[in-house]
Amino acid sequence: MKNNRFVACVLIPSVIFLLIFAVFPVAYGLGISFYDYNPTSSYNEFLGLENYKRLFTDEVFWIAVKNTIIFCVVAVTANIVITLFLAKIISVLPSKGMKTFFRTILFIPCIAPIVGTSMVWKYGMVGTDGGLLNRILGLMGMPPRNWFLTTWQLLAIIIVYTLWADIGYNVVLFTAGIEGVPKEFDEAAAIDGAGPVRRFVSIKLPLMSRTFAFVAIMTMANYFQMFAQFQVFAPDGGRSNSAMVLTNYIYKTSFSSYDMGYASAVAAALFMIVFIVAMIQNKMMHADWSYE
């Protein structure tokens with residue numbers, strides 16, 4: 001009983017905090033998606049499912065869905081491949097100090113404010129006047145370009161920035177997963193004549209299934225919700241909405257058009273997309289999170 005009381009005393013404040021600042025806002029946002037909600041208006045008409053029906057005829061919404069899926073598929077795939085490769089390289093370094101040094105270097109962009117680093121990339125790397133990309137074009141004898149008026153190139157630049165800013169997390173997780181595999185398995189396979197690539201693919205990766213599933217699912221869910229870099233690089237969605245993603249569309253609909261009821265419907269659609277993708281990933285990876 002004493003232990004139960006202690007657990008209750010510890011958990012109840014956390015549950016209350018979660019209900020107030022997480023569950024209630026989500027429920028409230030879902031509720032206003034059924035209204036023509038405008039915070040500046042004294043009367044908000046009940047629309048029922050009209051906001052959700054509007055999604056099917058909204059061309060910009062479907063462009064945002066397409067861009068979000070392209071961004072997530074390309075960025076998450078590249079993130080996992082790059083971080084898995086870097087983690088493997090770090091795991092074979094001879095000293096613990098060298099491993100710590102390279103993990104720290106790769107993790108530094110993760111702790112920097114994403115808005116600040118996005119601004120640095122926007123003006124220092126991509127800027128029309130003096131940006132690094134245009135300097136490289138100048139060295140090659142090519143005229144500078146306004147990258148913010150491009151289509152797929154701007155989305156590619158945002159993907160590259162996202163990878164630079166975010167790979168540190170997964171490098172640390174994959175490194176821990178690789179180092180957590182018992183060395184006896186690797187040594188036994190080496191004695192049987194398996195090469196380093198075969199040992200990594202056939203032994204370490206299967207034994208890292210939970211780590212791999214966790215990284216893939218969390219990275220995908222996180223990338224679906226990326227917002228700051230899109231708002232910095234393409235606040236209006238870019239040329240022909242080529243860099244418009246769902247989070248940016250929600251913000252624009254809410255705070256530029258003040259159509260918060262419809263924005264809440266878009267947010268609900270984003271939640272369903274993330275939920276479905278996470279469930280599909282979980283099934284495909286056969287992730288078993290229970291311990292015997």
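- Using modelled atom types, one side-chain atom of Ser242 and one backbone atom of Arg239 make a donor-acceptor pair closer than 3.5 Å.
- Between the side chain of Thr68 and the backbone N or O of Leu246 there is at least one donor-acceptor pair closer than 3.5 Å.
- With Asn51 contributing its side chain and Tyr35 its backbone, the two residues share a donor-acceptor pair below 3.5 Å.
- Of the possible donor and acceptor atoms, none in the side chain of Asn38 sits under 3.5 Å from a partner among the backbone N and O of Asn44.
- Side-chain contact, Tyr249 with Asn241: no donor N or O sits under 3.5 Å from an acceptor N or O.
- One N or O on the side chain of Thr117 and one on the backbone of Ile114 form a donor-acceptor pair closer than 3.5 Å.
- Using cut-offs of 30° and 60° for the angle between ring planes, the Tyr52 and Phe34 rings count as tilted.
- Asn146 contributes a side-chain N or O that, together with a main-chain N or O of Phe148, makes up a donor-acceptor pair within less than 3.5 Å.
- Side-chain atoms of Ser254 never come within 3.5 Å of backbone atoms of Tyr258 as a donor-acceptor pair (strictly under, hydrogens ignored).
- Just one residue in the list Phe233, Trp147, Tyr161 forms a ring-ring contact (aromatic ring centres under 6.0 Å, His included) with Trp121, and that residue is Tyr161.
- Phe227 pairs with exactly one of Val245, Thr247, Ile250 by the side-chain contact (heavy atoms from CB on, under 4.5 Å) rule, that one being Thr247.
- Salt bridge annotation for Arg54-Asp259: present, with a cationic side-chain nitrogen under 4.0 angstrom from a carboxylate oxygen.
- Looking only at distances, no side-chain donor or acceptor of Asp36 sits under 3.5 Å from a matching main-chain atom of Glu45.
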